[in-house]
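The block underneath contains the structure these notes are about, expressed in structure tokens.
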Amino acid sequence: MGAALQVTAFGLALLSTLFLLLATCTDCWMVNADDSLEVSREITWKVSRVGTFKVSRAISIILKIVVTRTLMITADLLAGLALATLILGLDCITFLKEDPCVKLKMCYGAGVILGAGSILGLTGSMWYAVDVYVERAMLVSHNIFLGVHYDFGWSCWLGMAGSTGCFVASVLLTCCLY
């Protein structure tokens, strides 16, 4: 039962880490409603063109993008470290085969690292999504229309899915394995 749970957690962690990496490497965090324009840089340009916004608003938008990328990169690094640790801790790998207690601790440690990475990735993805929603609501409340309606892109959804998958793998490794 333990080996099957480890392999399931490993598969989920691997897929989720790939989702996180793909979300971090791509730029499709927002798209317009007809899916013809991929934006993450261009929304900064469009909002900074609006006369009622000050330079500080454009800086806050750039800061939002930078902080989101930083959180996602950190989540990627932690998930990669957790995968490397988990591979060495799997029962089906012959590394440290004579000491199962150490292998179990490696799986537990990988689960803790995956949990930390998933929290950072989910914070970055959700914070970006909530901030974009609040920003859109603020534009509407000030009667400012940018000309297009933006939705969340597939990179944002991949970030959320990857972070959630890493969290589930972390729960499997830390709570269910013992």
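These numbers were taken from a predicted model, which means no experiment stands behind them.
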For residues 74-88, dump all side-chain donor-acceptor pairs below 3.5 Å to protein atoms at least two apart in sequence or in another chain.
from	atom 1	to	atom 2	distance (Å)
Thr74	OG1	Thr70	O	2.8
Asp76	OD2	Thr24	OG1	2.7
Thr85	OG1	Leu81	O	2.9

**OP:** Given side-chain contact (heavy atoms from CB on, under 4.5 Å), test Val112 with Ser170 step by step and report yes or no.
**Re:** CA-CA 6 Å; Val112 170; Ser170 170; over 6 Å; no
Original post:
Could you give the distance from CE (Met126) to OG1 (Thr164), rounded to the nearest 0.5 Å?
Top reply: 8.5 Å
Original post:
What pair of heavy atoms forms the shortest contact from Cys107 to Gly89, and how long is it?
Top reply: SG-O, 3.2 Å
Subject >> Any side-chain heavy-atom pair of Tyr108 and Leu173 under 4.5 Å >> reply: no
Subject >> Other cluster members, Leu21 - Ile/Leu/Val/Met/Phe/Trp/Tyr, side-chain contacts below 4.5 Å >> reply: none
**OP:** Taking all non-hydrogen atoms of both residues into account, name the closest pair between Ala23 and Gly159 and its distance.
**Re:** CB-N, 3.5 Å
Sequence neighbours left out, cut at 3.5 Å: what donor-acceptor pairs do the side chains of residues 114-124 make with other protein atoms?
from	atom 1	to	atom 2	distance (Å)
Ser118	OG	Leu114	O	3.3
Ser118	OG	Gly115	O	2.8
Thr123	OG1	Ile119	O	2.6

**OP:** Please name the pair of heavy atoms, one in Met72 and one in Leu20, separated by the smallest distance, quoted to 0.1 Å.
**Re:** CE-CD2, 3.7 Å
**OP:** Determine whether Val7 and Leu15 fall in the same hydrophobic cluster, where Ile, Leu, Val, Met, Phe, Trp and Tyr are linked whenever their side-chain heavy atoms lie under 4.5 Å apart.
**Re:** no
Original post:
Which heavy atom of Arg69 sits nearest a heavy atom of Cys25, and at what distance?
Top reply: NH1-N, 4.3 Å
Original post:
Can you tell me how far CD of Glu98 sits from NZ of Lys103, rounded to the nearest 0.5 angstrom?
Top reply: 9.0 Å
Subject >> Inter-residue atom distance Ser155.OG - Phe19.CZ, 0.5 Å rounding >> reply: 12.0 Å
Original post:
If we only count heavy atoms from C-beta on, is the Tyr128 to Ile65 side-chain gap below 4.5 Å?
Top reply: yes
Original post:
Is it true that atom CZ of Phe167 has more than 12 heavy atoms of other residues, nucleotides or ligands lying nearer than 6.0 Å?
Top reply: no
Original post:
Minimum heavy-atom separation for Val168 to Leu12, with atom names?
Top reply: CG1-CD2, 3.5 Å
**OP:** Write down the atom of Gln6, the atom of Asp91, and the distance for their closest heavy-atom approach.
**Re:** OE1-N, 2.9 Å
